[in-house]
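Starting from 1, each residue takes its place in the sequence as its number.
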Amino acid sequence: MAADDVIDRFVACLRSDADLQHSVKMATSADDVVAAAASRGMEFSSASLVRCFARTLMEGSDEVVVKKFDELGWDAGEILWFLKSLGSGS
């Protein structure tokens with residue numbers, strides 16, 4: 001099964017599994033989210049998760065992608081750090 005399909009199953013499971021929601025809420029890295037998924041028998045890589053997230057963020061109209069980005073709740077410092085690291089390979 002393709003990673004995106006497994007991630008879609010994970011998201012569907014996440015909607016109805018309070019314990020899994022708590023595990024993901026406590027996650028501080030992509031690896032932590034992947035471990036939470038693995039606890040429910042769903043295997044995918046951290047890189048696959050991040051790529052799926054990035055594609056999802058980019059899909060849709062300008063208004064929709066900006067709304068998705070804004071809903072992440074990033075503060076200005078996190079955004080600045082991300083922008084400064086673009087192209088640096090880190």
Side-chain angles (χ1 to χ4, degrees):
M1 182 176 291
D4 282 356
D5 294 336
V6 178
I7 293 168
D8 288 343
R9 276 192 321 117
F10 168 66
V11 170
C13 182
L14 188 59
R15 290 184 181 119
S16 62
D17 185 329
D19 291 334
L20 184 58
Q21 289 173 22
H22 178 73
S23 295
V24 171
K25 193 178 291 188
M26 300 307 293
T28 59
S29 68
D31 288 341
D32 292 343
V33 175
V34 167
S39 76
R40 298 301 192 276
M42 292 172 267
E43 303 284 334
F44 48 85
S45 71
S46 297
S48 294
L49 176 65
V50 172
R51 285 186 180 100
C52 182
F53 168 75
R55 276 192 309 275
T56 300
L57 186 59
M58 294 298 298
E59 292 174 353
S61 67
D62 288 350
E63 295 80 19
V64 169
V65 298
V66 169
K67 182 177 187 284
K68 286 180 181 182
F69 181 87
D70 288 348
E71 287 175 347
L72 293 173
W74 293 342
D75 68 27
E78 290 171 318
I79 294 171
L80 177 60
W81 184 257
F82 170 75
L83 293 172
K84 285 174 51 177
S85 69
L86 286 176
S88 70
S90 59

Please name the pair of heavy atoms, one in [X] and one in [Y], separated by the smallest distance, quoted to 0.1 Å.
X: Ser23; Y: Ala36; value: CB-CB, 4.0 Å
X: Gly60; Y: Val65; value: O-CG1, 4.1 Å
X: Ala38; Y: Glu43; value: CB-OE2, 3.6 Å
X: Gly73; Y: Glu78; value: O-OE1, 4.4 Å

| If you round to the nearest 0.5 Å, how far is CZ of Arg55 from CD1 of Ile7? | 7.5 Å

| Rounded to the nearest 0.5 Å, how far apart are CZ of Phe44 and CG of Asp8? | 10.0 Å

| With Glu71 via salt bridge (Lys or Arg N to Asp or Glu O under 4.0 Å) - residues at least two apart | Lys67

| request: Evaluate side-chain contact (heavy atoms from CB on, under 4.5 Å) for Val24 paired with Phe10, printing each intermediate quantity in order. | output: CA-CA 11 Å; Val24 171; Phe10 168 66; 3.7 Å; yes

| field | Pairs where residues 15-38 contributes a residue and the test salt bridge (charged side-chain N to carboxylate O under 4.0 Å, His left out) is met, not counting sequence neighbours | value | Asp17-Arg40

| message | I'd like to know if Leu83 and Val50 are part of one continuous hydrophobic network [Ile/Leu/Val/Met/Phe/Trp/Tyr, side-chain heavy atoms within less than 4.5 Å]. | response | no

| message | Quick check on the hydrophobic clustering: are Leu72 and Leu86 connected, directly or via other members, by side-chain heavy-atom contacts under 4.5 Å? | response | yes

| query | Taking the side chain from Glu59 and the backbone from Thr56, do they hold a donor-acceptor pair closer than 3.5 Å? | reply | no

| task | Could you list the residues that satisfy ring pair (Phe, Tyr, Trp, His ring centres under 6.0 Å) with Phe69, not counting sequence neighbours? | result | Trp74

